[in-house]
Amino acid sequence: MATDNATEKVKCLIIGSGPAGYTAAIYAARANLAPVLYTGLQQGGQLTTTTEVENFPGYPEGVTGPVMMEDMQRQAARFGADIRFGIVAGVDLSGPPHRATLDDGNSIEADAVIIATGATARYLGLPSEEQFRGSGVSACATCDGFFYRGKDVAVVGGGDTACEEAIYLAGLCREVYLIVRKNYLRASKVMQQRVFSAPNIKVLFEHDTAELFGSTTGLEGARLVYRRGAPDEETREIRVDGFFLAIGHTPNTSIFKEFLHLDEGGYIITDGASTRTNVPGVFAAGDVMDPTYRQGITSAASGCKAAIDAERYLAGL
Ligand code: FAD
Ligand code: NAP
């Protein structure tokens, strides 16, 4: 039987099921906007890839990422948010109404759209990196650094994030290796100064990571190549329990770029402290519009703001 590619019409469409999307759904549902939320492939978002979350208020004993995201989902569903598993494959934001095309071929029209599609941390792409993800390999020092107190760790990258993560970890860990592929740091001068003046940060310029090694209980170290391809190329080993990637994030904005203003990193630009984009009726919340903080709590907060902005927009305020 042929499928009918029906177009459904809703007041509020939310794209993404991380803390930003679910929080937007809680607020939008309680404001009678009858939101429809598409979860995307990663139902629950990035936090479903981590174990303990210890810095989200309201969980004094900590909580695992998957449980926390299930709690958020149930809270949104309790107020009537219509949560659907599905991927938005394309959008037409020339409305209102705005239209989203789903991966099953159906379309949905909405008076207001909240984009909460998050950002994806970049990894080096080593098979061993995959193997130790969650048991030594992390892309978030603020999130996971605490688990490596008193231990030796490494950070990869030479930008502001890498320096910031190294400085943060230096306050918790014994030794921090900063692995930089070039012979200079790209980070701002002030960050560089902080790195160079920290007694327990050792900068390894012109080093590439060839491989990570360890056992079934976790990461034990990294094999690095110094000056790859040069006559004095050398393989070196460092012993570390934690290996932090800080080589940039890719915001999930490719399907929106035709319509929305993005910054040079691909993040959606919003108007001042609001979540309004350049297109009336389209709002952005969470990591997808935040190159700076990228935390569960800040994403949840901007999801709340996006629902309030959408509610006011729909009320003509
Ligand atoms: P995300 O959580 O990235 O969710 C994006 C959502 O959009 C996903 O559901 C995805 O399926 C959906 N999506 C994407 N594209 C589409 C599409 N085309 N159609 C439909 N849906 C789509 N933060 C903390 O505060 N504390 C921590 O301890 C912590 N630990 C972390 C550990 C790890 C390993 C990582 C990677 C991150 C961690 N973070 C932590 C950061 C935190 O996960 C993010 O800041 C937060 O999840 C961002 O929320 P978000 O809702 O903006 O986006
Ligand atoms: P970034 O500036 O793009 O730096 C990424 C770093 O990762 C670069 O040093 C890059 O090396 C390195 N890198 C990329 N791919 C790599 C690979 N495959 N192997 C090894 N190294 C790799 O990203 P960012 O540091 O996340 O910063 C993003 C933006 O946010 C910047 O504008 C930054 O200034 C800003 N930011 C500001 C602050 C602050 O002001 N406090 C804090 C964090 C971020 P190369 O240098 O060789 O390209």
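Counting starts at 1 for both ligands and their atoms, following the listed order. Heavy-atom basis, side chains included; hydrogens, waters and symmetry copies ignored.
- Ligand 1 has no nitrogen or oxygen under 3.5 angstrom from a nitrogen or oxygen of Glu54.
- The closest protein non-hydrogen atom to atom 19 (N) of ligand 1 is Val88 N, 2.9 Å.
- Linking ILVMFWY side-chain heavy atoms closer than 4.5 Å, directly or via other members, places Val195 and Tyr177 in two distinct hydrophobic clusters.
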*List the steps and the verdict of side-chain hydrogen bond (donor to acceptor under 3.5 Å, both in side chains) for Arg223 and Thr235.*
CA-CA 7 Å; Arg223 240 180 300 284; Thr235 300; over 6 Å; no

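- The atoms of ligand 1 that sit less than 4.0 Å from any heavy atom of Gly16 are 6 (C), 7 (O), 12 (C), 21 (N).
- Two residues are said to be in side-chain contact when any heavy atoms from C-beta on lie closer than 4.5 Å; Asp309 and Tyr313 fail this criterion.
- Closest protein heavy atom to atom 44 (C) of ligand 1: Asp287 OD2, 3.4 Å.
- Looking from atom 21 (N) of ligand 1 to the surrounding protein, the closest heavy atom is Gly40 CA, 3.1 Å.
- Geometrically, ligand 1 and Gln46 share a nitrogen or oxygen pair separated by less than 3.5 Å.
- Ranking the protein heavy atoms by distance from atom 23 (O) of ligand 2 puts Gly248 CA, 4.3 Å first.
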Name each donor-acceptor pair under 3.5 Å that joins a side chain in residues 62-74 to protein atoms two or more places apart or in another chain, with its distance.
{"residue": "Thr64", "atom": "OG1", "partner": "Val67", "partner atom": "N", "Å": "3.3"}
{"residue": "Asp71", "atom": "OD1", "partner": "Arg74", "partner atom": "NH2", "Å": "3.0"}
{"residue": "Asp71", "atom": "OD2", "partner": "Tyr59", "partner atom": "OH", "Å": "2.9"}

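- Side chain to side chain, Tyr226 and Arg236 fail the donor-acceptor criterion of an N or O pair below 3.5 Å.
- Each of the following atoms of ligand 1 lies closer than 4.0 Å to a heavy atom of Gly118: 3 (O), 5 (C), 53 (O).
- At a 4.0 Å heavy-atom cut-off, ligand 1 touches Asn55 through the side chain alone.
- Among the atoms of Gln43, none of the N or O lies under 3.5 angstrom from an N or O of ligand 1.
- Remark: distances from the non-hydrogen atoms of Ala116 to ligand 1 include one below 4.0 Å.
- Interface atoms of ligand 1 facing Gln42, defined by a heavy-atom separation under 4.0 Å, are 8 (C), 9 (O), 10 (C), 11 (O).
- Taking every non-hydrogen atom of Arg294 and a distance limit under 4.0 Å, the qualifying atoms of ligand 1 come out as 41 (C), 45 (O).
- When Leu124, Val156, Asp160 are ranked by how near their heavy atoms come to atom 34 (O) of ligand 2, first place goes to Asp160.
- Counting protein heavy atoms only, atom 11 (O) of ligand 1 is closest to Thr39 O, 2.8 Å.
- The shortest separation from a heavy atom of Ser138 to ligand 1 is not under 4.0 Å, leaving the residue out of contact.
- The side-chain tip of Arg133 points at the ring of Tyr123 from less than 6.0 angstrom away and within 45° of straight on.
- When distances from atom 36 (N) of ligand 2 to the protein are checked, a heavy atom turns up under 4.0 Å.
- Not one N or O of Asp144 is nearer than 3.5 Å to an N or O of ligand 1, by distance alone.
- For atom 20 (C) of ligand 2, the protein comes within 4.0 Å by at least one heavy atom.
- Tyr267 has its side chain out of reach of Thr253: every pair of non-hydrogen atoms, C-beta onward, lies at least 4.5 Å apart.
- Polar contact check, Pro19 against ligand 1: a nitrogen or oxygen pair lies under 3.5 Å apart.
- Summary of contacts: the protein heavy atom closest to atom 14 (C) of ligand 1 is Thr117 O, 3.5 Å.
- When non-hydrogen atoms are compared, ligand 1 lies under 4.0 Å from the backbone of Leu41 (N, CA, C, O) but not from its side chain.
- Counting protein heavy atoms only, atom 33 (C) of ligand 1 is closest to Thr50 CB, 4.1 Å.
- For atom 51 (O) of ligand 1, the nearest protein heavy atom (residue, atom name, distance) is Ala20 N, 2.9 Å.
- Atom CD of Glu129 is separated from atom CG of Leu124 by 4.5 Å, given to the nearest 0.5 angstrom.
- Counting only heavy atoms from C-beta outward, the side chains of Cys12 and Val36 never approach each other to under 4.5 Å.
- The side-chain heavy atoms of Val225 and Thr209, taken from C-beta on, include no pair separated by under 4.5 Å.
- Relative to atom 28 (C) of ligand 2, the option among Thr161, Leu185, Thr209, Ile247 with the closest non-hydrogen atom is Thr161.
- The option from Arg181, Met191, His249 that lies nearest to atom 15 (N) of ligand 2, judged by heavy atoms, is Arg181.
- Contact check for Thr7 versus Ile108: no side-chain heavy atoms found under the 4.5 Å cut-off.
- Atom 24 (C) of ligand 1 has its nearest heavy-atom neighbour, among Gly145, Gly134, Gly296, in Gly296.
- For the 3.5 Å distance criterion, the side chains of Thr120 and Asn252 qualify, holding a donor opposite an acceptor.
- With contacts defined as side-chain heavy-atom distances shorter than 4.5 Å, the pair Asn55/Phe146 does not qualify.
- Following chains of ILVMFWY side-chain contacts shorter than 4.5 Å, one can reach Val91 starting from Ile268, so the two form part of one hydrophobic cluster.
- For atom 32 (O) of ligand 2, the nearest protein heavy atom lies 4.0 Å or farther away.
- Judged by a 6.0 Å distance limit and a 45° cone about the ring axis, Arg149 is not positioned over the six-membered ring of Phe147.
- In terms of N/O distances under 3.5 Å, ligand 2 is approached by Gly159.
- Proximity of Leu13 to Pro35: side-chain heavy atoms (C-beta onward) are nowhere separated by under 4.5 Å.
- Residue contact check: Arg186 has heavy atoms under 4.0 Å from atoms 2 (O), 4 (O), 8 (C), 9 (O), 45 (P), 46 (O), 48 (O) of ligand 2.
- Of all the atoms in ligand 1, the ones that sit under 4.0 Å from a non-hydrogen atom of Gly286 are 52 (O).
- At least one N or O atom of Gln295 sits closer than 3.5 Å to an N or O atom of ligand 1.
- Side-chain contact check for Phe196 versus Met191: every heavy-atom pair is 4.5 Å or farther apart.
- In this structure, the separation between CZ on Phe56 and CD on Gln295 is 10.5 Å, given to the nearest 0.5 Å.
- Nearest protein neighbour of atom 29 (C) of ligand 1, counting heavy atoms only, is Cys143 SG, 2.8 Å.
- The two residues Ala273 and Lys305 come nearest to each other via the heavy atoms O-NZ, 2.7 Å.
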